[in-house]
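Here's the structure we're looking at; comments come further down.
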Number of protein chains: 2
Amino acid sequence: MTSSTAPAQPGSGALTRESIGRSARRLFARRGYAGASVRAIASEAGVDPALVIRHFGSKERLFLETVAIEGRFDDVISGPLDTLGGRLVESLLTEAPEITFSTWRAMLRATDSDLVRSRLIAAMEEMFIRPLSPRLSGPDPELRARLVAAAVSGLLDAVAILSDDLIVQATVEQLVRLYGPSIQVLVDG
Amino acid sequence: MTSSTAPAQPGSGALTRESIGRSARRLFARRGYAGASVRAIASEAGVDPALVIRHFGSKERLFLETVAIEGRFDDVISGPLDTLGGRLVESLLTEAPEITFSTWRAMLRATDSDLVRSRLIAAMEEMFIRPLSPRLSGPDPELRARLVAAAVSGLLDAVAILSDDLIVQATVEQLVRLYGPSIQVLVDG
DNA sequence: GGGTGTTGTCAACGCTGTTGACGTCCGGAC
DNA sequence: GTCCGGACGTCAACAGCGTTGACAACACCC
């Protein structure tokens, strides 16, 4: 019998772990944290639900390890300051926007969890505040950098969570032209 | 015997319904949608969990009926346009901020539910976009009004969800002075 | 060949939202 | 007075959830 149970090839753990991670990424992005059940993730990965917990410890940790904000805006931020607002908006809307949006949606909705919340805070600080605030001149540079991050949050909310029709259907140029100067004011101080 | 079961005074339904509503408001604000269980709400109201469903139909509808965004910014928006940005920020931060913040937090986190999501969209439209967009001159008035709403979302995110320390600890005057002009740019077009 | 550790399965726990059957009381009809 | 209908509330149970512990199957080391 090839058997109904498929047991234990040592070293295969990493593979199934990765397979679980892929399914988790997909389902978390599509259905959100609460909507993606451990059982559904396990089923899509062809695996027992208990194995998911065995590999990742908990659903919360699975979420944290698979759904990560990875956006890199260093290039944008290290560019010329006087056009930063527009370039930031453009970069948000064009650079891997699906991942950015679905990740933002999933993480923000899951901020019930303190771990998710602090992870999101850390990501925002690493992506925007830390690289930006030392570049700002004038008063309250860090506070202004944090308000830039807030403005970015707002745009992400509108597109990824509220799915504001007019904003979603607007061209990138329009949004750069309109929302860019709004952020630019925070940069200029 | 005063009895262990307290049965059926006709007309008392409205009272217990209201009592359930109060407990729900409290627990949803404190623990969020997922964190506040129907059983906990029922227990705090001194009531059987099934009765909660009987009165409100479902947890989702209970949430929608109890946690509502009620902010009124008509006065602010109908005031002079050239100072709208600052006045809007000030109003957001001073007018019943706890309710605004905890409601924003609870609703945004619960946008997994399409009903909650569309309710939040409707609230944003009623509070900001509908009163503001007819007052804007220049190109794309409605799109700009929606971007104002996005900027507001960003500020609410920073304060209510991410709890950005520097923003929370900043004075209202500081935030009016810094974030106000950023919104003002969208108003001026 | 007999441990040892990795990989995986299975049944179960306590929790969740929700439902249907069942009481229990009040107000009105006859 | 008595019976009925409906409002009000309780109770036990359902399926699904995240998670756990006991157990099986295999590869490897000695």
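Naming convention: chains lettered A, B, ... in sequence-line order (proteins, then strands); numbering from 1 in each chain. Just so you know, these numbers come straight off a predicted model, no measurement behind them. No hydrogens, no waters, no symmetry mates; every other heavy atom, side chains included, goes into these values.
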Residue met sooner reading DNA chain C from 5', once B/A50 and A/R17 are mapped to nucleotides: A/R17
Geometric class of the A/F28/A/Y33 ring pair [parallel <30°, tilted 30-60°, perpendicular >60°]: parallel
Nearest-Å distance for atom pair CG/P, residues B/L27 and C/dT16: 12 Å
4.5 Å side-chain heavy-atom contact, B/V148 and B/L88: yes
B/I20 CD1 - C/dG17 C1' separation (whole Å): 15 Å
B/D140 side chain vs B/L143 backbone, donor-acceptor pair below 3.5 Å: no
Side-chain touch B/V116/B/V67, heavy atoms, less than 4.5 angstrom: no
Length of the line joining A/R31:CZ and D/dC17:P, which is rounded to integer Å: 10 Å
Side-chain heavy atoms of B/E95 within contact of B/T100, under 4.5 Å: no
Sugar-phosphate only, base, or nothing, as touched by B/A40 at under 4.0 Å among non-hydrogen atoms: nothing
C/dG8 OP1/OP2 closer than 4.0 Å to side-chain N/O of A/H55: yes
Separation of C/dT24 P from B/L51 CG (nearest whole Å): 17 Å
Length of the NZ-P vector between B/K59 and C/dT18, whole Å: 8 Å
First encountered from the 5' end of DNA chain D, between A/P49 and A/R54: A/P49
Presence of donor-acceptor pair under 3.5 Å, side chain of A/R39 and base of D/dG16: no
Short side-chain N/O contact to D/dC8 OP1/OP2 from B/T16, under 4.0 Å: no
Integer-rounded Å distance: C/dT16 C1' and B/I41 CD1: 12 Å
Atom-to-atom span, CG of B/L15 to C1' of C/dC26 - whole angstrom: 16 Å
Nucleotide C/dT18, atom C1' - distance to CG of B/L62 in whole Å: 13 Å
